[in-house]
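Report on the following structure.
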Number of protein chains: 2
Amino acid sequence: MLTYMSLRIALLGLLDATGPASGYDLAKSFERSLNHVWQAGHTQIYPELVKMAADGLVAVESEGARGRKLYAITPEGASRLRSWLVEREPTSAPRSEAALQAFLLPLLDRESAIVVVERIRAQFAERLAVLECKPRDTSRFGRYALRLGLAQGHASLAWADETLAELRGPDAAAVDDAVGRD
Amino acid sequence: MLTYMSLRIALLGLLDATGPASGYDLAKSFERSLNHVWQAGHTQIYPELVKMAADGLVAVESEGARGRKLYAITPEGASRLRSWLVEREPTSAPRSEAALQAFLLPLLDRESAIVVVERIRAQFAERLAVLECKPRDTSRFGRYALRLGLAQGHASLAWADETLAELRGPDAAAVDDAVGRD
DNA sequence: TCTTGACATGTCACTCCTTACATGTCAATC
DNA sequence: GATTGACATGTAAGGAGTGACATGTCAAGA
């Protein structure tokens with residue numbers, strides 16, 4: 001029951017790393033530095049912070065202008081965060097529409113398949129470009145995850161290029177002929 | 001509203017690729033050939049097939065022994081499947097606990113960080129092993145997605161090895177010292 | 001002064017997905 | 001004959017996540 005809640009962990013991690021912040025700040029941080037790792041919008045973050053406060057993981061530190069609420073991590077929160085990090089066996093529920101399209105490619109004729117792979121490639125390239133433009137803006141944080149994202153991104157791009165080469169290849173290795181190869 | 005529904009697409013794809021099947025069969029196929037691309041259990045599949053039948057995308061073809069229900073894709077379903085494949089801009093909502101742990105690594109001392117990365121590495125290795133054992137069991141299908149998974153898996157493993165090397169490095173590049181490098 | 005846009009917080013309805021529960025058939029083995 | 005295990009289908013409660021809507025502050029510039 002209490003074993004998932006990765007959103008909590010991500011929020012605690014940001015609060016621990018960068019100090020007290022408002023829900024608004026945290027939503028921005030998700031966009032800036034965490035978007036390739038975990039996604040969350042303010043509609044998810046605000047209620048979660050309230051629950052976390054009720055559970056003693058964060059404390060509302062002060063209220064500033066414009067109704068701003070500053071949340072700070074509590075010792076209990078910091079402890080839970082580190083326990084999770086050290087103990088939690090990470091799970092992954094892969095759900096990638098790009099991979100699904102790749103899976104279904106053999107349904108299409110070669111021309112359509114090329115169009116689809118080109119679109120997938122463009123998206124991989126864009127995501128990679130975002131990561132590559134990313135400065136060390138989170139100082140130490142995000143450093144390792146950034147590298148992981150870059151590695152996976154490069155590999156994905158390479159897959160797209162290889163696949164396009166195969167689909168376009170001079171030996172005309174059409175999708176339908178791919179059965180016996182490799 | 002009707003723009004998501006990747007589960008439907010995955011089910012239609014399997015039905016199109018391998019012919020009529022029961023919900024039970026489809027759940028097995030998800031486990032066997034689609035598990036690195038999209039996940040779904042039978043509790044999600046059974047109700048979805050009922051809705052898809054109501055929408056005319058599949059037809060209950062016959063009922064066999066043990067209450068078995070055979071679903072077949074309809075022309076409407078096949079058409080929708082191909083439209084989605086060609087037109088849909090794939091989206092991704094990355095939610096990886098492994099990447100989250102990587103992101104948060106600087107919270108830990110070096111020894112703990114090594115333990116965490118070793119666990120992440122083991123998981124990457126296991127997933128990769130599953131993919132590498134995978135025969136061409138889906139004939140043409142899954143071929144491209146399999147390669148994509150392999151590429152990403154190898155890249156992830158390489159990241160883990162590099163990260164471990166850095167954390168263990170003879171020049172003792174501890175996590176806390178990593179700020180000024182790169 | 002007024003409008004724009006960043007700041008700031010929230011609710012609600014809905015979809016998606018997971019976990020646990022519940023039921024029953026049929027073939028093979030003990 | 002009884003038990004086990006693969007086959008086969010479902011429901012219900014609840015958590016997780018999204019998109020649309022709603023509200024209000026404050027600073028800067030037209």
Side-chain angles (χ1 to χ4, degrees), chain A residues 1-12 14 20-32 34-35 37-55 58 60-71 84 88-97 100, chain B residues 1-11 20-32 34-35 37-55 58 60-71 89-97 100:
Chain A
M1 297 296 197
L2 313 190
T3 46
Y4 276 178
M5 314 223 220
S6 304
L7 175 57
R8 288 193 165 200
I9 299 301
L11 290 169
L12 288 174
L14 287 174
S22 67
Y24 189 86
D25 296 333
L26 291 165
K28 290 295 204 69
S29 293
F30 266 85
E31 253 181 84
R32 255 197 315 105
L34 213 54
N35 57 353
V37 167
W38 206 268
Q39 278 191 348
H42 78 277
T43 59
Q44 229 190 322
I45 292 170
Y46 288 137
E48 192 63 32
L49 284 171
V50 171
K51 282 189 230 160
M52 287 163 75
D55 292 346
V58 296
V60 180
E61 219 181 32
S62 71
E63 313 217 356
R66 299 185 197 180
R68 192 166 197 259
K69 291 182 189 173
L70 258 199
Y71 290 94
W84 182 89
R88 170 79 177 168
E89 177 85 22
T91 63
S92 64
R95 268 182 192 108
S96 156
E97 286 191 356
L100 183 54
Chain B
M1 300 298 199
L2 312 189
T3 47
Y4 278 175
M5 315 224 219
S6 303
L7 175 58
R8 287 193 166 201
I9 298 300
L11 290 169
S22 68
Y24 188 87
D25 296 333
L26 291 165
K28 289 294 203 68
S29 293
F30 266 85
E31 253 181 85
R32 255 196 313 106
L34 215 51
N35 56 354
V37 166
W38 207 267
Q39 278 192 347
H42 78 277
T43 58
Q44 231 190 319
I45 292 170
Y46 288 136
E48 191 62 33
L49 284 170
V50 172
K51 283 188 228 159
M52 287 164 74
D55 292 346
V58 297
V60 181
E61 219 181 32
S62 71
E63 313 218 355
R66 299 185 196 178
R68 190 165 199 262
K69 292 180 188 175
L70 257 199
Y71 290 93
E89 178 84 21
T91 63
S92 64
R95 265 181 195 110
S96 157
E97 285 190 356
L100 183 54

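Residue numbers start from 1 in every chain, and the chains themselves are labelled A, B, ... in the order their sequence lines are given, proteins ahead of strands. Atoms considered below: every heavy atom in the structure, side chains included; atoms not considered: hydrogens, waters and symmetry mates. What you see is a predicted model, and the numbers here were worked out from it, not measured in a lab.
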Name all residues meeting the salt bridge (Lys or Arg N to Asp or Glu O under 4.0 Å) criterion together with [X]; count only those two or more places apart in sequence or in a different chain, and write none if there are none.
X       : result
A:Arg66 : none
A:Arg8  : A:Glu48, A:Asp55
B:Lys28 : none

[X] side chain near [N] phosphate (N/O to OP1/OP2, under 4.0 Å):
X       : N      : answer
B:Ser22 : D:dC7  : no
A:Gln44 : D:dA16 : no
A:Arg95 : D:dA16 : no
B:Lys28 : D:dC7  : yes

- Task: Tell me which of B:Gly41 and A:Tyr24 sits closer to the 5' end of DNA chain C, going by the nucleotide each one is nearest to.
- Result: A:Tyr24

- From CZ of A:Phe30 across to C1' of D:dA16 the rounded distance in Å is 13 Å

- Between atom CZ in B:Arg8 and atom P in C:dC17, what is the gap in whole Å? 12 Å

- Message: Test of understanding: with ring pair (Phe, Tyr, Trp, His ring centres under 6.0 Å), list the residues that count as partners of A:Tyr46, not counting sequence neighbours.
- Response: A:His42

Give every pair of a protein N or O atom and an N or O atom of nucleotides 21-27 of chain C that lie under 3.5 Å apart, one pair per line with the distance.
residue	atom	partner	partner atom	Å
C:dC26	O4'	B:Arg66	NE	3.4

- Query: With sequence neighbours excluded, what pairs up with A:Pro20 under the side chain to side chain contact (heavy atoms under 4.5 Å, CB included) test?
  - Reply: A:Glu61, A:Leu70, A:Ala72

